[in-house]
2 protein chains.
Amino acid sequence: MTEMGRRERKKAATRQSLADAALRLFTERGYDEVGVREIADAADVSVTTLFKHFPDGKEALVFDQDVDREAALVAAVRERPAGQSVPEALHRMLLGEHSRRVHTDPRFDDFLRLVDTTPALREYARRMWLRHEHALAAAIADDAGLATDDPGCRALAHFALEAPVLVRGSRDPDTALDRVFDLLGNGWSGTRAG
Amino acid sequence: MTEMGRRERKKAATRQSLADAALRLFTERGYDEVGVREIADAADVSVTTLFKHFPDGKEALVFDQDVDREAALVAAVRERPAGQSVPEALHRMLLGEHSRRVHTDPRFDDFLRLVDTTPALREYARRMWLRHEHALAAAIADDAGLATDDPGCRALAHFALEAPVLVRGSRDPDTALDRVFDLLGNGWSGTRAG
DNA sequence: CTCAGAAAGTTTAGCTGTTACGCTTTTTTA
DNA sequence: TAAAAAAGCGTAACAGCTAAACTTTCTGAG
C-alpha cells in the first residue's frame with residue numbers, strides 16, 4: 001500500500017535511527033545529560049541533519065510517533081451513542097486511550113517515565129496535545145449548534161484535553177479523571193449536592 | 001518601615017534599571033530581536049550580573065512586579081459573602097483584577113501587548129500564574145471540607161486559573177469569561193438546558 | 001539510457017541563552 | 001579597623017540551534 005522509493009525509505013531509516021538513539025541515551029542517562037551532538041554521533045549523522053529531521057528541537061526526538069489522535073477525539077464527539085453527553089463521550093475515550101497504550105508497546109513504560117520526570121518534556125507533550133483544541137472545539141460547537149469560536153465550547157475542549165495531564169501523578173488516576181469530568185459535566189454546584 | 005541599607009538600595013536600583021532597559025528595548029524592537037548582552041549593556045552591567053538578578057532567564061526580565069496575587073485568590077474563596085459559590089467568587093475577583101490593572105499603570109498596555117504577541121512570554125506568564133494552583137486548591141478543599149489533594153478541587157483551581165489565559169484574544173473577553181465560569185459552576189449539561 | 005535537478009547529508013562557522021570560575025570593589029558588621 | 005559578606009566584572013566555555021556553500025545519492029522525463 002505505501003509505495004516508498006529507496007529515497008524515502010532511507011530517510012525514514014535515518015529518522016528512526018535518530019529517535020531510537022535519543023530514546024536509548026535519554027533513558028540510560030537522563031534527558032539533560034545527553035547533548036544533541038552526542039545523539040547525532042550515535043546515529044552516525046551530522047547535527048544539521050538531526051535538525052532537518054526534527055526542526056522542533058531536542059524535545060521532538062522523544063515524540064516520534066504522533067499518530068492520528070485528533071481524528072479520534074473528533075470522532076468521539078461526532079459518533080457518540082444517542083443520549084450520551086459530550087463530556088461523557090470524551091471521558092470514555094480518554095480512559096480507553098490510556099489503558100490501551102500501556103498494554104501494547106513494551107518500551108512504552110520507559111517513555112512515560114522519561115516524560116514524567118523531565119519538565120521540558122512534560123511541557124512539550126502538553127503543547128502537542130493541546131494543539132487539537134481547535135479541532136475539538138469546532139466539533140463540539142458543530143454538535144451543539146453554536147458558533148465555531150464559541151467560548152464555552154473552547155473552554156470545554158481545552159479543559160477536557162488538560163484533564164489527562166492534570167490527573168497524572170494522582171494515586172488513582174482513573175478515579176481522579178472521573179472527578180474532573182464530573183466537574184465538567186455537572187459543574188461545581190452539581191458535584192456537591194449529589 | 002522598610003529599612004534599606006545603601007547596599008540593598010543599590011541592588012534594587014540595578015535590578016530596576018535592568019527591567020526598565022529590557023521592557024524598553026523589547027517594546028521598541030521585539031522580544032526576539034534583543035539579546036541579553038545588549039540589555040546588560042543598556043543597563044551598564046555585565047551579563048553575569050544580569051543573570052544574578054534574574055536567574056530564571058530572559059523571560060523573567062519582563063515580569064518584575066510579581067505581587068501578592070496568591071493571597072488575593074485565597075482570600076476571594078475564604079472571605080466570600082454568604083450564599084456565594086466558589087466559582088462565582090473567583091469569577092468576580094478575576095474580573096476585578098483585570099479591569100483594575102488596565103486603568104492604573106500607563107505603560108501596562110505595552111506590557112500586555114508584548115506578552116500577548118510573544119509565545120515564550122505567554123508560556124512563561126502562564127507558568128507563573130499557575131504556580132498558585134496548589135494554594136488555591138488547598139483553600140477550596142478546606143472550604144468544602146475535602147482532602148487537601150482532592151482531584152475535584154485541584155481541577156477547579158486549575159481551570160479557574162486558566163480561564164483568564166483562555167479568554168485572552170476573544171472579541172468580548174468579559175462575556176467569554178462568563179461562559180467559562182458558567183461551565184465550571186453549572187457544568188456542560190447545565191449550560192444548555194437553561 | 002542518461003543526465004539535470006531535487007533531496008539528503010556534510011562541514012564549517014557562528015549566534016544566543018546560560019553558567020562556572022576566579023578576581024576586584026564596596027558595604028556591613030564584629 | 002579588620003574581616004566577612006555581597007555585588008559586580010571579564011573571560012571562557014557549553015548547549016541548542018541555524019545558515020551557507022558544497023557533495024553525494026536518488027528520481028524521473030526526454
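Every value quoted in this text rests on a predicted model; they were computed, and no experiment measured them.
- Counting non-hydrogen atoms of other residues, nucleotides and ligands closer than 6.0 Å to CZ of B:R131 gives a total of 12 or fewer.
- Between A:F159 and B:F159, the ring planes are parallel. Angles under 30° get that label, and only those over 60° would be called perpendicular.
- Listed by residue number, the members of residues 26-40 of chain B with any heavy atom below 4.0 angstrom from DNA chain C are B:V34, B:G35, B:V36, B:R37.
- Using a 4.0 Å heavy-atom distance criterion, B:K52 is classed as a base contact.
- In this structure, the nucleotide among C:dT11, D:dC9, D:dG16 sitting nearest to the side chain of B:S46 is D:dC9.
- Between B:H91 and B:F181, the angle of the ring planes stays under 30°, which puts this pair in the parallel group of the 30/60° scheme.
- A donor and an acceptor atom never sit less than 3.5 Å apart when one is taken from the side chain of A:T48 and the other from the base of D:dT18.
- Ranked by how close their nearest DNA chain C nucleotide is to the 5' end, A:V47 and B:E59 are led by A:V47.
- Side-chain nitrogen and oxygen atoms of B:T49 include at least one within less than 4.0 Å of the OP1 or OP2 phosphate oxygen of D:dC9.
- Scanning for ring pair (Phe, Tyr, Trp, His ring centres under 6.0 Å) contacts around A:F51 gives an empty result, with sequence neighbours left out.
- Residues forming a salt bridge (Lys or Arg N to Asp or Glu O under 4.0 Å) with A:R7 (at least two apart in sequence, or on another chain): none.
- A pairwise comparison of heavy atoms in B:A144 and A:W188 identifies CB-CZ2, 4.4 Å as the closest pair.
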Which atom pairs link the protein and nucleotides 2-6 of chain C when you take only N or O atoms and keep those under 3.5 Å?
unit_1 : atom_1 : unit_2 : atom_2 : d
C:dA6  : N3     : A:R7   : NH2    : 3.0

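- Counting only heavy atoms from C-beta outward, the side chains of B:R80 and B:D143 approach each other to under 4.5 Å.
- Proximity of B:K10 to the phosphate of C:dT26: no side-chain N or O atom is located under 4.0 Å from OP1 or OP2.
- Relative to the axis of its first five pairs, the axis of the last five pairs of the helix from C:dC1-D:dG30 to C:dA30-D:dT1 sits at 10°, rounded to 10 degrees.
- Using a 4.0 Å cut-off, some side-chain N or O of B:H53 falls inside it from OP1 or OP2 of D:dG8.
- Annotation: salt bridge (Lys or Arg N to Asp or Glu O under 4.0 Å) contacts of A:E33 (sequence neighbours excluded): none.
- If you check the side chains of A:T49 and A:S46, you find a donor sitting under 3.5 Å from an acceptor.
- Annotation: cation-pi geometry not satisfied between B:R113 and B:F108 (NZ/CZ under 6.0 angstrom from ring centroid, within 45° of ring axis).
- Across all strands, B:V45 comes closer than 4.0 Å only to sugar-phosphate atoms, never to a base (heavy-atom distances).
- At least one side-chain nitrogen or oxygen of B:T14 sits closer than 4.0 Å to the OP1 or OP2 atom of D:dG8.
- Under a cutoff of 6.0 Å and an axis angle of 45°, A:R15 and A:F54 form a cation-pi pair.
- Rounded to a whole Å, the NZ atom of A:K11 is 16 Å from the C1' atom of D:dT24.
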